[in-house]
Amino acid sequence: MTFERFHLDPSLLLGVRDMGYREPTTIQERTIPAVMRGTDVIGVAQTGTGKTAAFLLPILDRLLKGPPQTTRALIISPTRELAIQIDEMRLGLSYHTPLSGCVVYGGADILPQVRALKGGADIVTATPGRLLDHMWHGLPKLEKIEVLVLDEADRLLDMGFLPDVEMILRRLPEQRQNLLFSATMPPEIERLAQRMMHDPETIAVGPRSQPVDTVRQELFQVEAQDKTRLLLRLLEGDDMRSVLVFSGTKAGADRVHADLQRKGIESCVIHSNRSQQERFTSLQTFRQGRARVLVATDVAARGLDIDGISHVINFDVPRAAEDYVHRIGRTARAGEKGHAITLATPCEARAVAAIERLIKARIPRNGALGGRPEAQQRGAGAPKRGRGRGGRPPGRRTRR
Ligand code: AMP
C-alpha cells in the first residue's frame with residue numbers, strides 16, 4: 001500500500017516523501033482513513049508504530065480545506081519532549097503547505113509562545129499545565145477547535161494530568177473530532193474516552209513482539225554486585241559511541257549515572273522525577289553527542305525518538321517482556337546495525353525466560369568479562385563465577 005491511496009492533499013505527499021516514508025505503517029493504514037471520515041478514534045499503539053503521522057496527516061489534510069490562521073486542531077502531550085517531537089513532525093509533513101503550528105510547554109519563556117498563539121497557529125501542540133496558563137489569558141482561541149488529540153493518554157494519567165485535561169475539555173467546543181492514543185487502556189482512560197468521545201472506532205496495533213534482526217543480542221549472567229563493574233568494562237569498547245542504558249527504577253538510574261560520572265564517563269540521566277528542564281538538557285546533551293551514555297527508565301524513554309544509538313544496555317532485565325523488544329528497538333533503527341546487551345542476575349532468570357518465550361529465541365549468553373557462560377548455566381559443575389572460560393568472545397554476531 002502507498003500513501004497515494006489515502007487521497008491526501010498532494011502537498012502532504014511531498015512532506016511524506018521528504019520524511020522518507022515509503023509505505024504506511026499498520027496504524028497509519030487503519031487510522032488515516034478513519035480520521036479522514038471524521039470518526040472519533042481510540043488508537044492503542046506505542047511509540048515506534050508511526051502513530052504521530054497517523055493522526056497528523058489526516059488533521060493537516062482537513063486543515064488545508066478550511067480557513068487559515070485560525071487554531072483548529074489541538075494536540076495534548078504529557079511531556080515537553082514529546083510535544084516538541086510532534087511539532088517537529090508536523091513541520092516536516094506540512095513543509096509544502098501554508099499551515100502553521102506552534103508548541104507550548106512549561107519551563108520555557110512564555111512570550112514567544114504568546115506571540116505564536118496570537119498569530120493563530122493552525123495546529124497547537126501543548127503540555128496540559130502550560131496550556132492552562134495560556135488559557136487563563138485567553139490563548140489560544142479555542143472556539144474554532146475542530147480536532148482534539150490526546151497523545152499518550154496513559155502517560156497523561158500517570159503524570160497526574162487528568163484533572164488538567166478535564167478542565168481543558170470543558171473549554172472546547174462540543175462539536176469536534178476526538179482522537180485518543182495510548183499504549184495501554186487503564187480503566188481511568190476507558191472512562192475518559194467514554195465521556196469525551198462519540199461512537200469511537202478502536203484501532204489497536206499490538207506491540208512488536210519480534211526484535212528487528214539487525215540487532216545483535218547478548219546476555220551476560222552476573223551477580224548484582226558485579227553489574228556496575230561489568231558495565232564499565234563494556235563501555236571501554238571502541239564501538240560504544242552512543243549508548244542507552246536502561247534501569248528498572250529511577251533511583252537505580254541515578255545510581256548508575258553517578259557511578260559513570262565518578263569514573264569520568266560522560267553520561268546523563270532521564271526519568272520522571274527529574275524536572276522538564278533537566279530532562280530536556282539531558283536529551284540535548286546526548287543527541288548532540290556531548291554525552292556518550294544516556295541512562296533512562298522505561299517510562300522516561302517511552303516516546304523518545306533518538307536516532308543513531310549504537311548500543312542498548314539493559315542494566316536491569318525489564319519486568320515486562322514487551323519492554324525488552326521496545327528497549328532494544330531503540331538501536332538498529334532505519335536498517336542500521338545495533339547491539340543490545342542485557343545484564344541478568346540469577347534473580348532475573350524468570351524475566352529472561354519470559355522474554356525468550358516472547359521473542360521465540362534464546363538470547364546468546366556471553367561468558368567474557370565476568371559473565372557466566374552457557375555451560376555453567378546448564379549446571380555443568382563449573383565454578384560459580386567463571387572469568388571468560390568457555391564463553392564466546394564479545395563481538396560475535398548472532399542472527400536468528
Ligand atoms: P512514532 O510512533 O509516531 O513516534 O514514530 C516513530 C518513528 O517512525 C518516527 O521516527 C517516524 O518518523 C517514523 N515513521 C513514521 N511513519 C513512518 C513510515 N510510514 N515509514 C517509515 N518511518 C515512519
Side-chain angles (χ1 to χ4, degrees), residues 1-8 12-36 41-61 73 75-95 101 103 123 125 149-156 179-184 203-209 211-212 214-215 242 244 270 283 286-287 296 298-309 312 322-323 325-336 338:
M1 171 153 191
T2 63
F3 279 95
E4 277 77 14
R5 292 270 295 277
F6 298 125
H7 303 293
L8 292 160
L12 294 174
L13 291 179
L14 293 177
V16 166
R17 187 204 58 194
D18 290 354
M19 298 289 281
Y21 304 166
R22 263 181 258 135
E23 52 188 54
T25 63
T26 310
I27 185 103
Q28 290 164 0
E29 226 171 85
R30 297 175 57 195
T31 305
I32 294 173
V35 179
M36 287 178 85
V41 171
I42 299 176
V44 187
Q46 294 189 341
T47 295
T49 52
K51 67 181 168 66
T52 317
F55 64 75
L56 278 176
L57 282 168
I59 292 178
L60 292 167
D61 189 72
I75 301 170
I76 300 192
S77 140
T79 64
R80 164 186 178 145
E81 296 89 349
L82 185 62
I84 293 171
Q85 268 172 218
I86 295 169
D87 194 57
E88 280 171 354
M89 199 174 290
R90 187 274 311 161
L91 187 62
L93 292 172
S94 66
Y95 189 78
V103 54
I123 182 162
T125 306
V149 182
L150 294 186
D151 196 18
E152 306 226 340
D154 52 353
R155 263 218 288 177
L156 284 166
L179 313 175
L180 182 150
F181 288 82
S182 199
T184 57
I203 298 174
V205 174
R208 232 179 13 207
S209 64
V212 277
T214 45
V215 182
S242 175
L244 182 54
I270 178 163
L283 209 56
F286 184 64
R287 277 200 172 122
D298 290 290
V299 174
R302 235 172 78 187
L304 295 183
D305 189 19
I306 310 170
D307 284 331
I309 290 171
V312 166
E322 292 78 18
D323 282 343
V325 181
H326 204 52
R327 285 181 181 188
I328 76 170
R330 303 284 168 165
T331 179
R333 287 212 159 184
E336 281 174 27

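Each ligand, and each atom within it, is numbered from 1 in the order the structure gives. It should be emphasised that the depicted structure is a prediction, and the values quoted were computed from it without experimental measurement.
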Donor-acceptor side-chain pairing of S77 and D151 below 3.5 angstrom: no
Test side-chain contact (heavy atoms from CB on, under 4.5 Å) applied to L244 and T331, step by step: CA-CA 9 Å; L244 182 54; T331 179; over 6 Å; no
G50, any N or O under 3.5 Å of ligand 1 N or O: yes
Which of the ligand 1 atoms, numbered from 1, are nearer than 4.0 Å to a heavy atom of K51: 1 (P), 2 (O), 3 (O)
For T26, side-chain hydrogen bond (donor to acceptor under 3.5 Å, both in side chains) partners two or more places apart: none
With sequence neighbours excluded, residues passing side chain to side chain contact (heavy atoms under 4.5 Å, CB included) with R80: I84, Y105, Q276, Q277, F280
F3: numbered ligand 1 atoms lying under 4.0 Å from its heavy atoms: 19 (N)
Numbered atoms and elements of ligand 1 in range of E23, under 4.0 angstrom, heavy atoms: 18 (C), 19 (N), 20 (N)
Full working for salt bridge (Lys or Arg N to Asp or Glu O under 4.0 Å) between E23 and R5: CA-CA 10 Å; E23 52 188 54; R5 292 270 295 277; over 6 Å; no
Mode of M19 contact toward ligand 1 - side chain, backbone, both, neither (heavy atoms, under 4.0 Å): neither
Ligand 1 versus M89: contacting region, heavy-atom distance under 4.0 Å: side chain
Atoms in ligand 1 flagged as close to T52, the criterion being non-hydrogen separation under 4.0 Å: 1 (P), 3 (O), 4 (O)
Residue pair E81, I270: steps toward the side-chain contact (heavy atoms from CB on, under 4.5 Å) verdict: CA-CA 11 Å; E81 296 89 349; I270 178 163; 4.3 Å; yes
Polar atom proximity, R22 to ligand 1 (N or O, under 3.5 Å): no
